[in-house]
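To find a chain, count down the sequence lines: A is the first, B the second, and so on, and within it residues start at 1.
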Amino acid sequence: MTAERTISTIRDDLTIAISEVRTRYPNARSAIMPALYLAQDKYGTLDGTVYQAIAEILDVPEIYVFEVASFYTLYHREAVGRFHLQMCTNVSCMLLGAYDLLGHLEGRLGIKAGATTDDGRFSIRAVECIGACDRAPVMMVNEDYHNDLTRARVDALLDGLEEIDTILDDLEETISEGMS
Amino acid sequence: MTEQVLLKNVNNPDALTLTGYEKAGGYQGLKIMFRDFSPDEVIAYVKDSNLRGRGGAGFPTGLKWSFVPKDSGKLHYLCCNADEGEPGTFKDRVLMEKDPHQMIEGMIIAAYAIGAKTSYVYIRGEYGLSISRVEQAIAEAYAQGYLGRNIMGTDFSHDMYVHKGAGAYICGEETALLESIEGKRGQPKLKPPFPAVAGLYECPTVVNNVETFACLPHIFSRGVDWFTAIGPMDAPGPKLFGLSGQLKRPGVYELPMDITLGELVEDYGGGPLTGKFKAVIPGGVSAPMIPRSGFDVKMDFSSLAAVDSMLGSAGVIALDDSASIPVVARRITEFFSHESCGKCAPCREGLTWAAKILRRIEAGDGLPGDPDQLEVLCGGIFGTTFCALGDGAAWALRATLKHFRPEYDALISKNNNRG
């Protein structure tokens, strides 16, 4: 993600995939949402350069892309941590202790909901209902659901994520050593 | 135990594959339909079934389809509303994760009825597993000739795609959903024109819920008489209820709609977690809560409407003695305030204001006039907005004031600094 992102490199990266999703719709504007997802999968975050590149690929005004990116909450215009902890706090989860668990997460990671740890490893967000109310309280870590949470289960989950984090760090180091 | 129709395959992982689904009786309804029915006959048959939409409003499905003009000269579109975002609702996720072909078969039936060449399944972005399973099932259906050109040797052709939502509750509202597929911000449009006349890309469009589609194959494989014999006359057929909150056995239950709210949360939900039930929200947080004294109401559209609530999404949230109603009301109002698309001032400004008052009451800084102020705000929002989001928010909040005003007054009387 540190590599320089330009309109030209984004076009090189995404033109083929975006042109494929474009065929599912009778007009180009409809392909903006899937195009933003393709860009987010590739780069993690979305910014003006991405909007401009998508606008060029789809031949639509750039404002069309920006207004979509800024309306929908699943598009990340700011960096989120390697592990994005999304704790549901809507009614069913709240009734079963979601706010207590949110406070526990905040205490353990030393950040408030909405923030990311300085090392970029964890982000916490309080989110609206994620549709797993029968297994409340529920939290998503990136794309995965974690159900029936208690303080102990949250701790075990975080311990596991910290281990994965170390493994991922080692892996990245090995890869970069191999490349140099 | 009630025969499980919609949930028949939830414990049958083989049904995730097309061959497993067929082995369990799948795609029979579609075959019967192609063999015996013209599109107009399909619409008439679904009207006869009295199937009512399972998404929230309970509108008769066949009637909705019949509004699609025959001679518009435009393409027709079908959309599946799988943007399940109403808090307390998770039934459609179960249907898509466990039995995606059932929904797809129903969509092909509906597409044939209204002459749609293309359909989009609008699935909320958080539902990653639903998206992958539905996409996989669509690919299999193409390979088997249930989708694509000249389906099963007929001259009917149809293409189906998934459109992934991106975290906006409002896109469950059908005109906002269509705006979203068009690549715009999900802001509702004034009706009329209704989507059946001018929907997706200004073309005639039908939008139905996942569970509505899931009912259709069974209506054709087992017949209208079988379907209408289940549950009450004006709301027949199997229905999914999602139970959550403070009860012992949360989960998705399939039952006819003549069950009472009390039976649902006591017999199926297993009773309250602690003490007694205080109230139940019967159909997602837009549905006004019902206090325990009203638990004998039947869980169908008209019975719930008669007690100033609604079946809505049938997401049943139970509250026991330990729940604070003003806190629940605050959380619900904050949700709607956050999800308001911002188009209509009464919803955008009114909900922001109401949430502020509710936070103040919860913090112990409530003023004696606050409950009345909330009533005034509800009155100013209800019926003054483009879509039902504001209505639902006002209606839900007002019910908490109507049934549990003493809880508000008790919190406010603790404020020593008031007035």
Next item on the list: Give the intermediate values and the outcome of side chain to side chain contact (heavy atoms under 4.5 Å, CB included) for residues B/K164 and A/M33.
Entry: CA-CA 8 Å; B/K164 181 179 175 182; A/M33 287 181 70; over 6 Å; no
Margin query: Side chains of A/Y64 and B/R185 only: does a donor on one sit below 3.5 Å from an acceptor on the other?
Written below: no
Note to self: For the interface with chain A, which of B/A166, B/G183, B/G242 has the highest count of heavy-atom pairs at distances below 4.5 Å?
What the structure shows: B/A166
Check: CZ of A/R108: more than 12 outside heavy atoms within 6.0 angstrom?
Finding: yes
Note to self: For A/D59, I'd like to know if atom CG has over 12 heavy atoms of other residues, nucleotides or ligands within 6.0 Å.
What the structure shows: no
Margin query: Which atoms of B/S322 are under 4.5 Å from chain A, going by heavy atoms: the side chain, the backbone, both sets, or neither?
Written below: neither
Margin query: Can you tell me which portion of B/R249 sits under 4.5 Å from chain A's heavy atoms? Options are side chain, backbone, both or neither.
Written below: neither
Next item on the list: Below 4.5 Å from any heavy atom of chain B, which atoms of A/V21 appear? Answer side chain, backbone, both or neither.
Entry: neither
Check: Under the 3.5 angstrom rule, does the side chain of A/T73 hit a backbone N or O of B/G167 as a donor-acceptor pair?
Finding: yes
Item checked: A/D119, CG: over 12 other non-hydrogen atoms inside 6.0 angstrom -> yes
Notebook entry, point to check: What part of B/L200 lies closer than 4.5 angstrom to a heavy atom of chain A: side chain, backbone, both or neither?
Noted result: neither
Next item on the list: State whether the side chain of A/R29 and the backbone N or O of B/K184 hold a donor-acceptor pair below 3.5 Å, judged by distance alone.
Entry: no
Checklist line | Contacting region of B/V328 [heavy-atom separation from chain A under 4.5 Å] | finding: both
Item checked: Residue pair B/G88 / A/S92: nearest heavy atoms and the distance that separates them -> CA-OG, 4.2 Å
Next item on the list: Could you tell me whether a side-chain N or O of A/Y25 sits under 3.5 Å from a main-chain N or O of B/I181, the two making a donor and an acceptor?
Entry: no
Item checked: Which of B/G85, B/G125, B/A323, B/S180 touches chain A most, by non-hydrogen pairs under 4.5 Å -> B/S180
Notebook entry, point to check: To the nearest 0.5 Å, what is the distance between CD (B/E182) and CG (A/N27)?
Noted result: 7.0 Å
Notebook entry, point to check: Which atoms of A/I32 come close to chain B, meaning under 4.5 Å heavy atom to heavy atom: side chain ones, backbone ones, both, or neither?
Noted result: side chain
Notebook entry, point to check: With a 4.5 Å limit on heavy-atom distance, are the side chains of A/Y72 and B/C171 in contact?
Noted result: yes
Margin query: Using heavy-atom distances under 4.5 Å, tell me whether B/V327 contacts chain A through its side chain, its backbone, both, or neither.
Written below: both
Next item on the list: Answer with side chain, backbone, both or neither: which region of B/H163 has an atom nearer than 4.5 Å to a non-hydrogen atom of chain A?
Entry: both
Note to self: Measuring from atom CE of A/M94 to atom CZ of B/F335, what distance do you get when rounded to the nearest 0.5 angstrom?
What the structure shows: 13.5 Å
Margin query: Is it true that, when you exclude A/I16 itself, more than 12 heavy atoms of the residues, nucleotides or ligands shown sit nearer than 6.0 Å to its CD1?
Written below: no
Margin query: Any non-hydrogen side-chain atom of A/D134 less than 4.5 Å from a side-chain atom of B/V94?
Written below: no
Next item on the list: Inspect the surroundings of CD in A/E62 and state if more than 12 heavy atoms from other residues, nucleotides or ligands are less than 6.0 Å away.
Entry: yes
Note to self: Only pairs of heavy atoms separated by less than 4.5 Å count here; which of A/C129, A/S70, A/C93 has the most with chain B?
What the structure shows: A/C129
Note to self: Side chains of A/V91 and B/P87, heavy atoms from C-beta outward: is any pair under 4.5 Å?
What the structure shows: no
Check: Distance from B/Q246 atom CD to A/L95 atom CG, nearest 0.5 Å?
Finding: 4.5 Å
Margin query: Other residues, nucleotides and ligands only: do more than 12 of their heavy atoms fall within 6.0 Å of NZ on B/K74?
Written below: yes
Next item on the list: State the CD-CD distance between A/Q86 and B/E126, to the nearest 0.5 angstrom.
Entry: 8.0 Å
Notebook entry, point to check: Quick one: what part of A/A136 sits under 4.5 Å from any heavy atom of chain B, side chain, backbone, both or neither?
Noted result: neither
Notebook entry, point to check: Side chain of A/Y37, backbone of B/G165: donor and acceptor closer than 3.5 Å?
Noted result: yes
Next item on the list: Applying side chain to side chain contact (heavy atoms under 4.5 Å, CB included), run through B/V285 and A/N90 and close with a yes or a no.
Entry: CA-CA 10 Å; B/V285 297; A/N90 212 296; 4.2 Å; yes
Margin query: For the CD atom of B/E86 and the CD atom of A/E128, what is their distance to the nearest 0.5 Å?
Written below: 11.5 Å
Checklist line | B/Y201 portion near chain A, given a 4.5 angstrom heavy-atom threshold | finding: side chain
Check: Given that the side chain runs from C-beta out, which part of B/E84 has a heavy atom under 4.5 Å from chain A: side chain, backbone, both or neither?
Finding: neither
Next item on the list: Walk me through it: do A/F71 and B/I170 pass the test side chain to side chain contact (heavy atoms under 4.5 Å, CB included)?
Entry: CA-CA 11 Å; A/F71 183 82; B/I170 192 60; 4.0 Å; yes
Item checked: Neighbour count >12 (heavy atoms, 6.0 Å) for atom NZ, B/K278 -> yes
Margin query: Does B/F90 form a side chain to side chain contact (heavy atoms under 4.5 Å, CB included) with A/R135? I'd like the steps, not just the answer.
Written below: CA-CA 10 Å; B/F90 45 96; A/R135 307 291 302 276; over 6 Å; no
Notebook entry, point to check: Side chain, backbone, both or neither: which part of B/V162 has a non-hydrogen atom closer than 4.5 Å to chain A?
Noted result: backbone
Notebook entry, point to check: Around A/D118, counting heavy atoms of other residues, nucleotides and ligands shown, do more than 12 lie under 6.0 Å from its CG?
Noted result: no
Note to self: Measuring only between side-chain heavy atoms, which start at C-beta, is A/L96 closer than 4.5 Å to B/L273?
What the structure shows: yes
Margin query: Would the distance check show the side chain of B/Y120 and the main-chain N or O of A/R24 forming a donor-acceptor pair, the cut-off being under 3.5 Å?
Written below: yes
Note to self: At a heavy-atom distance under 4.5 Å, which candidate from B/G186, B/G128, B/A168 has the highest pair count against chain A?
What the structure shows: B/G186
